[in-house]
Amino acid sequence: MPVSMLYLGDTTLQTAAAYLAGLIHRAGWSLDYVPSHVPAAPELFDLPRSLVVLSDYSASRLAPSLQQRLVQLVESGAGLLMIGGWESYHGCGGDWDGTAVATALPVEISDTDDRVNCDQPALVRRVHQHPAAAGLPWDDRPPGIGGFNRFRPQAEAQVVLETERFRATREGQNVRFELAGRDPLLVVGTWGKGRVAALATDVAPHWVGGMVDWGPRRVAAQAPGAEAVEVGELYAQFFLQLLAWTGGVDLKSEI
């Protein structure tokens, strides 16, 4: 089956959605896109899908009947990825808790505001080996993020990445860092025949933080009708591997 992805949210292709859409186009995958303010049309769920991505897309924009159809797609083998943001998970207007889509995700979504904004260092730590996180310098060059949605992993799910939050204080000429807490950042699992993943941070600024520039080499990407973006090569590799694993599709070896 040809790779076909449905991407809902992240404002518009001229703003935040340009990042993920650009990477999807760079990988050569087919994409249908719906902006955050536009309700999803029923015909979008009539097509076979490799992957559906929800990112900063309110549950109110996806009718309950379409949520059920999405879950049925996943049960039949499509992938489902939710990416963090103010309108993801519960957030501030996301309100995905208690929905049909929430039952398929590998995390428990809070019924109250779950947003965590990090004004001090928050680094990403790998806790389990996984294809989505493979081949990346999590120990030698851990990326930093600016915020995330707080959730809990389901019992049968696997936590691949977590956020380590630090409290930094200055003592004369020295800066001291103390671990302030850890939270799940990437949780993966299955639902029926499909793979599911929940990423707590965003794919675009501001919550993605310095991770958007992760890596020594720059990668340019631009989807049709979208703003051009330039990102770090390791950021690009991570998100493409996450999309590929969740959608069960092949990824070109060269980013």
Note to self: Tell me whether Trp191 contacts the main-chain N or O of Leu80 through its side chain, where contact means a donor paired with an acceptor under 3.5 Å.
What the structure shows: no

**Prompt:** Is Arg115 positioned over the aromatic face of Trp86, cation under 6.0 angstrom from the ring centre and no more than 45 degrees off axis?
**Reply:** yes

* Asked: Are Val34 and Ile24 in one and the same hydrophobic cluster, where Ile, Leu, Val, Met, Phe, Trp and Tyr link if side-chain heavy atoms are under 4.5 Å apart?
  -> no

**Cationic N near anionic O, under 4.0 Å, Arg218 to Asp213** = yes

Side-chain heavy atoms of Trp29 within contact of Leu243, under 4.5 Å: yes

* **Any donor-acceptor N/O pair, Ser58 side chain to Gly93 backbone, under 3.5 Å** => yes

**Asked** Does the pair Asp114/Arg150 count as a salt bridge with the N-to-O cut at 4.0 Å?
**Response** no

- Item | Asp10 versus Ser55, side-chain donor and acceptor atoms under 3.5 Å | yes

Margin query: Quick check: do Arg167 and Gln120 have side-chain heavy atoms less than 4.5 Å from each other?
Written below: yes

Q | Asp56 side chain vs Glu87 backbone, donor-acceptor pair below 3.5 Å | A | yes

**Study point:** Side-chain donor-acceptor pair present, His90, Asp97, cut-off under 3.5 Å
**Key:** yes

Can any side-chain N or O of Ser88 pair as donor or acceptor with the backbone N or O of Ile83 at less than 3.5 Å? yes

* Are the side chain of Lys193 and the backbone of Leu73 linked by a donor-acceptor contact shorter than 3.5 Å? -> no

Determine whether a donor-acceptor pair (N or O, by modelled atom type, separation under 3.5 Å) exists between the side chain of Tyr19 and the backbone of Glu230. no

Is there side-chain contact between Thr163 and Arg165, with at least one heavy-atom pair below 4.5 Å? yes

Next on the checklist: Whether the Ser4 and Arg49 side chains hold a donor-acceptor pair (N or O, under 3.5 Å, no angle test) is what I'd like checked.
Outcome noted: yes

Q. Does a side-chain heavy-atom distance below 4.5 Å link Val188 with Val196?
A. no

With Tyr89 as partner, the option from Phe148, Trp96, Phe151 fulfilling ring pair (Phe, Tyr, Trp, His ring centres under 6.0 Å) is Phe151

**Between Gln72 and Gln68, a side-chain donor and acceptor under 3.5 Å** = no

